[in-house]
Amino acid sequence: MSTQPIQLHTPLGVEVLVLKAGDHIELSGIVYTARDEAHLRMGEKGIPFDPDGAVIYHCGPVIHNDKVIAAGPTTSARMNELSGFLIDKGVRGLIGKGGMGEMVRGQLKGKGVYFAFTGGCAALAASHMALKGVFYEDLGMAEAVWVIKLDRLPLVVGIDAHGNDIFEAARINAEKAFRSYSGKPCSGSQ
Amino acid sequence: MQVPADDEVYEALADATLRAYREAVIRLPPDVLRVIRKAAAAETNPVAHGEFANIVKNIMEAERLGVPMCQDTGVPVVYLTIPPAVPLTSGLYTSVAEGVRRATREIPLRPNVVDPLTRHNTGDNSGMGMPAIHLKPGKRFTVTVLPKGAGAENMSRIAMLLPSQKDQVEKFVVETVYLAGSRPCPPVIIGVGIGGTFDGAAALAKEALLGRVDTMTDFEEQVLCAVNRLGIGPMGLGGDFTALAVKVKTAGCHTASLPVAVNIQCWANRHATAEVER
(Lines give C-alpha, C1' and ligand atoms only; values in the text may rest on other atoms or scores of the structure.)
Protein backbone atom coordinates (compact mmCIF):
# COMPACT_ATOMS: atom_id res chain seq x y z
CA MET A 1 0.00 0.00 0.00
CA SER A 2 1.25 3.40 -0.93
CA THR A 3 -0.46 5.52 1.73
CA GLN A 4 -0.73 5.26 5.50
CA PRO A 5 -4.17 4.38 6.87
CA ILE A 6 -6.24 7.27 8.25
CA GLN A 7 -6.64 7.13 12.05
CA LEU A 8 -10.22 7.46 13.33
CA HIS A 9 -11.58 7.41 16.89
CA THR A 10 -15.11 6.86 18.12
CA PRO A 11 -17.43 8.61 18.64
CA LEU A 12 -17.19 9.65 15.01
CA GLY A 13 -18.06 13.15 13.85
CA VAL A 14 -18.10 15.10 10.59
CA GLU A 15 -14.57 13.83 9.79
CA VAL A 16 -16.22 10.73 8.26
CA LEU A 17 -17.92 12.86 5.61
CA VAL A 18 -14.64 13.48 3.77
CA LEU A 19 -13.68 9.79 3.63
CA LYS A 20 -13.71 8.22 0.16
CA ALA A 21 -14.71 4.69 -0.82
CA GLY A 22 -11.47 2.71 -0.97
CA ASP A 23 -9.69 4.65 1.79
CA HIS A 24 -7.85 2.46 4.29
CA ILE A 25 -8.49 3.50 7.89
CA GLU A 26 -7.69 2.23 11.37
CA LEU A 27 -10.50 2.56 13.90
CA SER A 28 -10.03 2.94 17.65
CA GLY A 29 -12.55 3.36 20.46
CA ILE A 30 -15.88 1.79 21.39
CA VAL A 31 -18.01 -0.14 18.89
CA TYR A 32 -21.22 -2.10 19.47
CA THR A 33 -21.83 -5.52 17.88
CA ALA A 34 -25.32 -6.09 16.50
CA ARG A 35 -26.90 -8.71 14.26
CA ASP A 36 -30.51 -9.29 13.18
CA GLU A 37 -32.05 -9.86 16.63
CA ALA A 38 -30.36 -6.88 18.28
CA HIS A 39 -31.46 -4.59 15.44
CA LEU A 40 -35.06 -5.75 15.85
CA ARG A 41 -35.01 -5.15 19.60
CA MET A 42 -33.34 -1.73 19.31
CA GLY A 43 -35.99 -0.78 16.78
CA GLU A 44 -38.75 -1.76 19.20
CA LYS A 45 -37.34 -0.78 22.60
CA GLY A 46 -34.81 1.93 21.87
CA ILE A 47 -31.03 1.99 21.57
CA PRO A 48 -29.34 1.01 24.87
CA PHE A 49 -26.26 3.22 24.26
CA ASP A 50 -25.67 6.80 23.08
CA PRO A 51 -26.06 6.55 19.28
CA ASP A 52 -24.49 9.95 18.60
CA GLY A 53 -21.39 9.21 16.48
CA ALA A 54 -21.58 5.53 17.39
CA VAL A 55 -20.29 2.63 15.29
CA ILE A 56 -22.18 -0.65 14.84
CA TYR A 57 -20.23 -3.84 14.05
CA HIS A 58 -22.14 -6.61 12.25
CA CYS A 59 -20.60 -9.47 14.17
CA GLY A 60 -21.52 -12.48 16.32
CA PRO A 61 -18.35 -12.97 18.35
CA VAL A 62 -17.09 -15.91 20.38
CA ILE A 63 -16.68 -14.60 23.96
CA HIS A 64 -15.02 -16.75 26.63
CA ASN A 65 -14.22 -15.70 30.22
CA ASP A 66 -14.95 -12.02 29.45
CA LYS A 67 -12.51 -12.05 26.55
CA VAL A 68 -13.09 -11.72 22.82
CA ILE A 69 -11.82 -14.99 21.30
CA ALA A 70 -12.98 -14.62 17.68
CA ALA A 71 -14.87 -11.72 16.14
CA GLY A 72 -14.94 -11.64 12.35
CA PRO A 73 -17.68 -9.78 10.47
CA THR A 74 -21.01 -11.27 9.43
CA THR A 75 -22.90 -10.56 6.19
CA SER A 76 -24.16 -6.97 6.39
CA ALA A 77 -26.86 -7.35 3.73
CA ARG A 78 -29.07 -9.09 6.31
CA MET A 79 -29.32 -5.72 8.07
CA ASN A 80 -30.29 -3.81 4.89
CA GLU A 81 -33.83 -3.17 6.07
CA LEU A 82 -32.89 -2.67 9.73
CA SER A 83 -30.27 0.09 9.72
CA GLY A 84 -32.11 3.30 8.78
CA PHE A 85 -33.31 4.21 12.29
CA LEU A 86 -29.77 3.85 13.68
CA ILE A 87 -28.37 6.28 11.11
CA ASP A 88 -31.28 8.67 11.81
CA LYS A 89 -30.39 8.62 15.53
CA GLY A 90 -26.79 9.60 14.85
CA VAL A 91 -24.87 6.39 14.13
CA ARG A 92 -22.01 7.37 11.81
CA GLY A 93 -20.35 4.05 11.03
CA LEU A 94 -21.36 0.50 10.17
CA ILE A 95 -18.76 -2.31 9.95
CA GLY A 96 -19.37 -5.63 8.25
CA LYS A 97 -18.67 -7.77 5.23
CA GLY A 98 -20.11 -7.94 1.74
CA GLY A 99 -21.52 -4.41 1.55
CA MET A 100 -25.13 -3.20 1.85
CA GLY A 101 -28.05 -2.34 -0.41
CA GLU A 102 -29.03 0.76 -2.29
CA MET A 103 -31.32 1.93 0.51
CA VAL A 104 -28.53 2.03 3.10
CA ARG A 105 -26.27 3.74 0.57
CA GLY A 106 -28.90 6.48 0.39
CA GLN A 107 -29.39 6.62 4.16
CA LEU A 108 -25.63 7.10 4.70
CA LYS A 109 -25.46 10.09 2.33
CA GLY A 110 -24.22 13.15 4.20
CA LYS A 111 -24.32 11.22 7.51
CA GLY A 112 -21.94 8.29 7.74
CA VAL A 113 -19.98 5.50 6.11
CA TYR A 114 -19.87 1.71 5.79
CA PHE A 115 -16.54 0.09 6.61
CA ALA A 116 -15.60 -3.34 5.27
CA PHE A 117 -13.64 -5.70 7.47
CA THR A 118 -12.11 -8.81 5.92
CA GLY A 119 -14.38 -11.87 6.19
CA GLY A 120 -13.03 -14.73 8.25
CA CYS A 121 -10.39 -12.61 9.99
CA ALA A 122 -11.70 -13.46 13.46
CA ALA A 123 -8.36 -13.94 15.18
CA LEU A 124 -6.92 -10.71 13.77
CA ALA A 125 -10.03 -8.83 14.93
CA ALA A 126 -9.82 -10.30 18.43
CA SER A 127 -6.19 -9.21 18.76
CA HIS A 128 -7.33 -5.57 18.30
CA MET A 129 -10.19 -5.81 20.84
CA ALA A 130 -10.96 -5.51 24.55
CA LEU A 131 -14.39 -6.39 25.95
CA LYS A 132 -16.05 -3.56 27.90
CA GLY A 133 -19.64 -4.66 28.45
CA VAL A 134 -22.80 -6.21 27.07
CA PHE A 135 -26.48 -5.42 26.42
CA TYR A 136 -29.22 -7.95 25.58
CA GLU A 137 -27.20 -10.94 26.83
CA ASP A 138 -30.46 -12.94 26.88
CA LEU A 139 -30.35 -13.00 23.05
CA GLY A 140 -27.40 -15.41 23.24
CA MET A 141 -23.72 -14.97 22.50
CA ALA A 142 -24.01 -14.36 18.75
CA GLU A 143 -26.97 -11.95 18.89
CA ALA A 144 -26.15 -9.91 22.03
CA VAL A 145 -24.82 -6.35 21.77
CA TRP A 146 -21.21 -6.54 22.96
CA VAL A 147 -19.44 -3.30 23.87
CA ILE A 148 -15.92 -3.63 22.49
CA LYS A 149 -12.97 -1.24 22.59
CA LEU A 150 -10.97 -1.32 19.37
CA ASP A 151 -7.30 -0.55 19.05
CA ARG A 152 -6.55 0.35 15.43
CA LEU A 153 -8.69 -2.21 13.63
CA PRO A 154 -7.72 -2.11 9.91
CA LEU A 155 -10.77 -1.34 7.76
CA VAL A 156 -11.52 -0.05 4.29
CA VAL A 157 -14.29 2.44 3.42
CA GLY A 158 -16.75 0.39 1.36
CA ILE A 159 -19.53 3.00 1.01
CA ASP A 160 -18.78 6.67 1.60
CA ALA A 161 -21.11 9.51 2.59
CA HIS A 162 -21.37 10.64 -1.05
CA GLY A 163 -22.96 7.46 -2.38
CA ASN A 164 -19.76 5.85 -3.72
CA ASP A 165 -19.82 2.09 -3.18
CA ILE A 166 -16.89 -0.10 -4.20
CA PHE A 167 -18.93 -3.29 -3.74
CA GLU A 168 -21.46 -1.98 -6.24
CA ALA A 169 -18.67 -1.02 -8.64
CA ALA A 170 -17.21 -4.57 -8.42
CA ARG A 171 -20.71 -6.06 -8.90
CA ILE A 172 -21.28 -4.03 -12.05
CA ASN A 173 -17.87 -5.06 -13.45
CA ALA A 174 -18.55 -8.73 -12.68
CA GLU A 175 -21.91 -8.53 -14.42
CA LYS A 176 -20.28 -7.02 -17.52
CA ALA A 177 -17.57 -9.67 -17.48
CA PHE A 178 -20.10 -12.48 -17.12
CA ARG A 179 -22.30 -11.14 -19.93
CA SER A 180 -19.31 -11.02 -22.24
CA TYR A 181 -18.16 -14.55 -21.28
CA SER A 182 -17.19 -16.24 -24.53
CA GLY A 183 -15.68 -19.56 -23.45
CA LYS A 184 -12.55 -18.69 -25.40
CA PRO A 185 -9.28 -19.95 -23.89
CA CYS A 186 -8.20 -17.67 -21.12
CA SER A 187 -4.74 -16.53 -20.19
CA GLY A 188 -3.75 -13.80 -17.77
CA SER A 189 -6.30 -11.73 -15.88
CA GLN A 190 -7.33 -9.40 -18.73
CA MET B 1 -1.91 -59.50 13.30
CA GLN B 2 -3.26 -58.75 16.73
CA VAL B 3 -6.47 -56.76 16.84
CA PRO B 4 -6.45 -54.30 19.75
CA ALA B 5 -9.36 -54.16 22.15
CA ASP B 6 -12.25 -52.13 20.76
CA ASP B 7 -12.23 -49.58 23.59
CA GLU B 8 -8.62 -48.68 22.86
CA VAL B 9 -9.32 -48.21 19.17
CA TYR B 10 -12.34 -46.06 19.88
CA GLU B 11 -10.53 -43.89 22.41
CA ALA B 12 -7.62 -43.42 19.99
CA LEU B 13 -10.02 -42.48 17.17
CA ALA B 14 -11.86 -39.91 19.31
CA ASP B 15 -8.48 -38.45 20.31
CA ALA B 16 -7.26 -38.31 16.69
CA THR B 17 -10.51 -36.60 15.63
CA LEU B 18 -9.97 -33.91 18.29
CA ARG B 19 -6.34 -33.44 17.20
CA ALA B 20 -7.23 -33.16 13.51
CA TYR B 21 -10.06 -30.71 14.31
CA ARG B 22 -7.78 -28.49 16.39
CA GLU B 23 -5.13 -28.44 13.67
CA ALA B 24 -7.71 -27.76 10.94
CA VAL B 25 -9.37 -24.73 12.56
CA ILE B 26 -6.13 -23.10 13.74
CA ARG B 27 -3.59 -23.77 10.94
CA LEU B 28 -4.03 -23.91 7.18
CA PRO B 29 -2.28 -26.65 5.17
CA PRO B 30 1.07 -25.51 3.61
CA ASP B 31 -0.24 -25.69 0.01
CA VAL B 32 -3.18 -23.41 0.89
CA LEU B 33 -0.82 -20.94 2.60
CA ARG B 34 1.38 -20.99 -0.49
CA VAL B 35 -1.43 -20.00 -2.89
CA ILE B 36 -2.65 -17.26 -0.52
CA ARG B 37 0.84 -15.77 -0.20
CA LYS B 38 1.43 -16.01 -3.95
CA ALA B 39 -1.85 -14.23 -4.73
CA ALA B 40 -1.21 -11.61 -2.02
CA ALA B 41 2.10 -10.76 -3.69
CA ALA B 42 0.62 -10.68 -7.22
CA GLU B 43 -2.59 -8.71 -6.49
CA THR B 44 -2.49 -5.26 -8.14
CA ASN B 45 -5.69 -3.67 -6.75
CA PRO B 46 -4.77 -1.55 -3.66
CA VAL B 47 -8.02 -2.31 -1.77
CA ALA B 48 -7.65 -6.04 -2.52
CA HIS B 49 -4.03 -5.81 -1.40
CA GLY B 50 -5.23 -4.59 2.00
CA GLU B 51 -7.69 -7.49 2.25
CA PHE B 52 -4.87 -9.96 1.56
CA ALA B 53 -2.73 -8.26 4.20
CA ASN B 54 -5.51 -8.80 6.75
CA ILE B 55 -5.93 -12.45 5.71
CA VAL B 56 -2.19 -13.15 6.06
CA LYS B 57 -2.04 -11.36 9.45
CA ASN B 58 -5.13 -13.25 10.61
CA ILE B 59 -3.54 -16.60 9.77
CA MET B 60 -0.47 -15.65 11.82
CA GLU B 61 -2.56 -14.38 14.77
CA ALA B 62 -4.62 -17.60 14.88
CA GLU B 63 -1.46 -19.64 15.09
CA ARG B 64 0.18 -17.34 17.66
CA LEU B 65 -2.89 -17.29 19.92
CA GLY B 66 -3.88 -20.91 19.26
CA VAL B 67 -7.45 -19.88 18.39
CA PRO B 68 -9.68 -20.67 15.40
CA MET B 69 -8.89 -18.45 12.41
CA CYS B 70 -12.63 -17.84 11.76
CA GLN B 71 -15.57 -17.72 14.15
CA ASP B 72 -17.54 -19.94 11.77
CA THR B 73 -15.84 -23.17 12.75
CA GLY B 74 -18.15 -24.99 10.35
CA VAL B 75 -19.87 -28.34 10.47
CA PRO B 76 -17.73 -31.48 10.77
CA VAL B 77 -17.04 -33.35 7.53
CA VAL B 78 -14.82 -36.34 8.31
CA TYR B 79 -12.94 -38.77 6.06
CA LEU B 80 -11.61 -42.02 7.58
CA THR B 81 -9.20 -44.52 6.10
CA ILE B 82 -9.58 -47.91 7.72
CA PRO B 83 -6.79 -50.53 7.60
CA PRO B 84 -7.66 -54.23 7.25
CA ALA B 85 -7.11 -54.96 10.96
CA VAL B 86 -9.81 -52.53 12.08
CA PRO B 87 -13.34 -53.96 11.81
CA LEU B 88 -16.04 -51.71 10.36
CA THR B 89 -18.41 -51.14 13.27
CA SER B 90 -20.81 -48.49 14.47
CA GLY B 91 -18.19 -47.80 17.17
CA LEU B 92 -16.13 -45.96 14.55
CA TYR B 93 -19.00 -43.56 14.00
CA THR B 94 -19.72 -42.98 17.69
CA SER B 95 -16.00 -42.43 18.38
CA VAL B 96 -15.68 -39.75 15.72
CA ALA B 97 -18.81 -38.08 17.12
CA GLU B 98 -17.27 -38.20 20.60
CA GLY B 99 -14.12 -36.57 19.21
CA VAL B 100 -16.25 -33.82 17.65
CA ARG B 101 -18.03 -33.17 20.97
CA ARG B 102 -14.70 -32.94 22.78
CA ALA B 103 -13.35 -30.60 20.10
CA THR B 104 -16.43 -28.39 20.51
CA ARG B 105 -15.79 -28.09 24.28
CA GLU B 106 -12.01 -27.96 24.34
CA ILE B 107 -10.89 -25.87 21.34
CA PRO B 108 -13.68 -24.39 21.62
CA LEU B 109 -15.82 -24.52 18.45
CA ARG B 110 -19.05 -22.65 17.82
CA PRO B 111 -21.97 -25.12 18.07
CA ASN B 112 -23.37 -24.90 14.54
CA VAL B 113 -25.41 -28.08 14.07
CA VAL B 114 -29.19 -27.58 14.24
CA ASP B 115 -32.33 -29.52 13.31
CA PRO B 116 -32.99 -28.43 9.69
CA LEU B 117 -36.64 -27.53 10.32
CA THR B 118 -37.10 -26.71 14.01
CA ARG B 119 -33.63 -25.03 13.98
CA HIS B 120 -33.00 -26.43 17.46
CA ASN B 121 -29.23 -26.42 18.11
CA THR B 122 -27.85 -29.76 19.33
CA GLY B 123 -25.23 -27.74 21.23
CA ASP B 124 -22.24 -29.99 20.50
CA ASN B 125 -21.89 -30.20 16.69
CA SER B 126 -23.10 -33.83 16.70
CA GLY B 127 -26.43 -35.59 16.33
CA MET B 128 -28.96 -36.00 13.49
CA GLY B 129 -26.42 -37.59 11.14
CA MET B 130 -23.60 -35.22 12.06
CA PRO B 131 -20.64 -35.51 11.82
CA ALA B 132 -20.80 -36.46 8.14
CA ILE B 133 -18.44 -39.46 7.90
CA HIS B 134 -16.95 -40.91 4.70
CA LEU B 135 -15.06 -44.21 4.88
CA LYS B 136 -12.40 -45.72 2.64
CA PRO B 137 -10.14 -48.75 3.06
CA GLY B 138 -6.47 -47.84 3.43
CA LYS B 139 -3.07 -48.98 4.69
CA ARG B 140 -3.00 -46.49 7.56
CA PHE B 141 -5.68 -45.63 10.10
CA THR B 142 -6.26 -41.90 9.63
CA VAL B 143 -8.92 -39.30 10.26
CA THR B 144 -9.23 -36.17 8.13
CA VAL B 145 -11.42 -33.30 9.36
CA LEU B 146 -12.74 -30.70 6.90
CA PRO B 147 -14.73 -28.09 8.90
CA LYS B 148 -17.14 -26.56 6.38
CA GLY B 149 -18.37 -23.01 7.01
CA ALA B 150 -21.80 -21.94 5.79
CA GLY B 151 -21.00 -18.75 3.88
CA ALA B 152 -19.19 -20.59 1.12
CA GLU B 153 -21.12 -23.87 1.33
CA ASN B 154 -24.39 -21.97 0.73
CA MET B 155 -23.10 -20.69 -2.61
CA SER B 156 -22.47 -24.21 -3.99
CA ARG B 157 -24.52 -25.51 -6.94
CA ILE B 158 -25.17 -28.65 -8.96
CA ALA B 159 -26.34 -29.04 -12.58
CA MET B 160 -27.43 -32.08 -14.54
CA LEU B 161 -26.04 -31.00 -17.90
CA LEU B 162 -26.75 -32.79 -21.14
CA PRO B 163 -23.97 -34.91 -22.65
CA SER B 164 -23.94 -32.42 -25.55
CA GLN B 165 -23.16 -29.60 -23.09
CA LYS B 166 -19.68 -30.68 -22.06
CA ASP B 167 -18.36 -27.33 -23.26
CA GLN B 168 -20.67 -25.67 -20.70
CA VAL B 169 -18.91 -27.06 -17.62
CA GLU B 170 -16.56 -24.08 -17.35
CA LYS B 171 -19.42 -21.60 -17.81
CA PHE B 172 -21.41 -23.28 -15.03
CA VAL B 173 -18.45 -22.83 -12.67
CA VAL B 174 -17.99 -19.18 -13.70
CA GLU B 175 -21.73 -18.55 -13.29
CA THR B 176 -21.71 -20.11 -9.82
CA VAL B 177 -18.91 -17.80 -8.67
CA TYR B 178 -20.60 -14.80 -10.35
CA LEU B 179 -23.91 -15.47 -8.56
CA ALA B 180 -22.08 -15.91 -5.25
CA GLY B 181 -20.48 -12.46 -5.45
CA SER B 182 -19.05 -11.30 -2.13
CA ARG B 183 -21.01 -13.78 -0.03
CA PRO B 184 -18.63 -16.79 0.15
CA CYS B 185 -15.73 -14.60 1.45
CA PRO B 186 -13.59 -14.64 -1.68
CA PRO B 187 -10.87 -15.31 -2.72
CA VAL B 188 -12.37 -18.78 -2.93
CA ILE B 189 -11.10 -22.25 -3.67
CA ILE B 190 -13.40 -24.13 -6.03
CA GLY B 191 -14.03 -27.88 -5.84
CA VAL B 192 -15.63 -29.28 -8.99
CA GLY B 193 -17.10 -32.77 -9.33
CA ILE B 194 -17.79 -33.90 -12.89
CA GLY B 195 -19.62 -37.15 -13.59
CA GLY B 196 -20.80 -39.92 -11.28
CA THR B 197 -24.39 -39.59 -10.11
CA PHE B 198 -26.39 -36.61 -8.76
CA ASP B 199 -25.15 -37.21 -5.19
CA GLY B 200 -21.79 -38.57 -6.29
CA ALA B 201 -20.86 -35.39 -8.18
CA ALA B 202 -21.41 -33.32 -5.01
CA ALA B 203 -19.27 -35.71 -2.97
CA LEU B 204 -16.51 -35.48 -5.60
CA ALA B 205 -16.65 -31.68 -5.52
CA LYS B 206 -16.13 -31.67 -1.76
CA GLU B 207 -13.34 -34.26 -1.92
CA ALA B 208 -11.64 -32.15 -4.58
CA LEU B 209 -11.07 -29.49 -1.89
CA LEU B 210 -8.73 -31.92 -0.12
CA GLY B 211 -6.38 -32.05 -3.11
CA ARG B 212 -3.19 -29.98 -3.28
CA VAL B 213 -4.19 -26.52 -4.44
CA ASP B 214 -0.70 -25.36 -5.43
CA THR B 215 -0.67 -27.63 -8.44
CA MET B 216 -3.36 -27.62 -11.13
CA THR B 217 -4.06 -29.32 -14.48
CA ASP B 218 -4.33 -27.24 -17.66
CA PHE B 219 -8.14 -27.50 -17.45
CA GLU B 220 -8.16 -26.34 -13.82
CA GLU B 221 -5.85 -23.39 -14.70
CA GLN B 222 -8.14 -22.47 -17.60
CA VAL B 223 -11.28 -22.46 -15.40
CA LEU B 224 -9.46 -20.45 -12.72
CA CYS B 225 -8.45 -17.87 -15.31
CA ALA B 226 -12.04 -17.59 -16.59
CA VAL B 227 -13.34 -17.16 -13.01
CA ASN B 228 -10.80 -14.47 -12.18
CA ARG B 229 -11.89 -12.42 -15.21
CA LEU B 230 -15.03 -11.62 -13.15
CA GLY B 231 -12.93 -9.23 -11.05
CA ILE B 232 -15.10 -9.73 -7.93
CA GLY B 233 -11.90 -9.76 -5.89
CA PRO B 234 -11.25 -10.42 -2.20
CA MET B 235 -14.50 -9.93 -0.21
CA GLY B 236 -16.24 -8.59 -3.32
CA LEU B 237 -14.30 -5.31 -3.19
CA GLY B 238 -12.84 -5.84 -6.66
CA GLY B 239 -9.46 -7.26 -7.61
CA ASP B 240 -7.43 -9.77 -9.60
CA PHE B 241 -8.08 -12.75 -7.33
CA THR B 242 -11.69 -13.87 -6.98
CA ALA B 243 -10.41 -17.44 -6.71
CA LEU B 244 -7.09 -18.97 -5.69
CA ALA B 245 -7.46 -22.46 -7.16
CA VAL B 246 -9.81 -24.81 -8.98
CA LYS B 247 -9.66 -28.53 -8.22
CA VAL B 248 -11.55 -31.04 -10.34
CA LYS B 249 -12.45 -34.68 -9.64
CA THR B 250 -14.18 -36.88 -12.19
CA ALA B 251 -16.01 -40.21 -12.16
CA GLY B 252 -17.74 -42.32 -14.76
CA CYS B 253 -21.35 -41.43 -15.44
CA HIS B 254 -24.38 -42.58 -17.45
CA THR B 255 -24.07 -42.10 -21.20
CA ALA B 256 -27.15 -39.84 -21.04
CA SER B 257 -25.89 -37.74 -18.07
CA LEU B 258 -23.35 -35.06 -17.24
CA PRO B 259 -23.63 -34.10 -13.56
CA VAL B 260 -21.50 -31.10 -12.53
CA ALA B 261 -21.22 -29.98 -8.91
CA VAL B 262 -19.40 -26.89 -7.68
CA ASN B 263 -18.47 -26.75 -4.00
CA ILE B 264 -17.32 -23.29 -3.02
CA GLN B 265 -14.79 -22.86 -0.22
CA CYS B 266 -13.60 -19.55 1.23
CA TRP B 267 -9.87 -18.72 1.38
CA ALA B 268 -9.70 -20.65 4.67
CA ASN B 269 -9.58 -24.08 2.99
CA ARG B 270 -9.31 -25.83 6.33
CA HIS B 271 -8.53 -29.51 6.59
CA ALA B 272 -6.13 -31.65 8.60
CA THR B 273 -5.32 -35.34 8.92
CA ALA B 274 -4.26 -37.17 12.08
CA GLU B 275 -2.99 -40.70 12.47
CA VAL B 276 -5.01 -42.84 14.88
CA GLU B 277 -2.30 -43.87 17.34
CA ARG B 278 -2.83 -47.29 18.83
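A note on names: the letters A, B, ... follow the listed sequences, proteins ahead of strands, and every chain is numbered from 1.
Within the 4.5 angstrom heavy-atom criterion, no atom of B:Glu63 approaches chain A. Proximity to chain B (any heavy atom under 4.5 Å) is restricted, for A:Lys184, to the backbone atoms N, CA, C and O. With a threshold of 4.5 angstrom between heavy atoms, B:Asn54 approaches chain A through its backbone and through its side chain. For A:Glu168, no part lies under 4.5 angstrom from a heavy atom of chain B. Of the two parts of B:Ala62, the backbone and the side chain both hold a non-hydrogen atom closer than 4.5 Å to a non-hydrogen atom of chain A.
Below 4.5 Å, heavy atoms of chain B meet heavy atoms from A:Lys97, A:Gly98, all part of residues 84-103 of chain A. Contacts of residues 41-63 of chain A with chain B at a heavy-atom distance below 4.5 Å involve A:Gly60, A:Val62, listed in sequence order.
In this structure, a donor-acceptor pair under 3.5 Å is present between the side chains of A:Tyr181 and B:Glu170.
Distance alone, capped at 3.5 Å, places no donor-acceptor pair between the B:Trp267 side chain and the A:Gly120 backbone. Remark: the backbone N or O of B:Leu230 is not paired with any side-chain donor or acceptor of A:Asn173 at under 3.5 angstrom. The backbone N or O of A:Cys186 sits less than 3.5 Å from a side-chain atom of B:Gln222, completing a donor-acceptor pair.
Put simply, the side chain of A:Phe178 reaches to within 4.5 Å of the side chain of B:Lys171, judged on heavy atoms. Contact check for A:Thr118 versus B:Phe52: no side-chain heavy atoms found under the 4.5 Å cut-off.
Note that OH of B:Tyr178 and CZ of A:Arg179 are 6.0 Å apart. Values are rounded to the nearest 0.5 Å. Between the CD1 atom of A:Ile166 and the CG atom of B:Asn45 there is a distance of 8.0 Å, given to the nearest 0.5 Å. To the nearest 0.5 Å, the span separating NE2 on A:His24 from NE2 on B:His49 amounts to 10.0 Å. We find the CD1-CZ distance between A:Ile69 and B:Arg110 to be 14.5 Å, quoted to the nearest 0.5 Å.
Heavy-atom pairs under 4.5 Å with chain A were tallied for B:Cys185, B:Ala268, B:Pro234; the largest tally goes to B:Cys185. The choice from A:Ala177, A:Ala174, A:Ser180 that makes the most heavy-atom pairs within less than 4.5 Å of chain B is A:Ala174. Among the candidates A:Gly22, A:Gly72, A:Ala125, the residue making the largest number of heavy-atom pairs closer than 4.5 Å to chain B is A:Gly72. Between chain B and the residues A:Ala77, A:Gly183, A:Ala71, A:Ala123, the largest count of heavy-atom pairs under 4.5 Å involves A:Ala123. Considering only heavy-atom pairs separated by less than 4.5 Å from chain A, the leading option among B:Gln168, B:Met69, B:Arg183 is B:Met69. Interface summary for chain B: among A:Ala70, A:Ala170, A:Cys121, A:Ser127, the most heavy-atom pairs under 4.5 angstrom belong to A:Cys121.
Atom CG of A:Asp138 has more than 12 heavy atoms from other residues, nucleotides or ligands within 6.0 Å. Summarising the local packing, CD of A:Glu15 is surrounded by more than 12 heavy atoms from other residues, nucleotides or ligands at distances under 6.0 Å. The number of heavy-atom neighbours closer than 6.0 Å to CD of A:Glu137, taken from other residues, nucleotides and ligands shown, is 12 or below.
In terms of heavy atoms, B:Asn58 sits closest to A:Leu124 at OD1-N, 2.7 Å.
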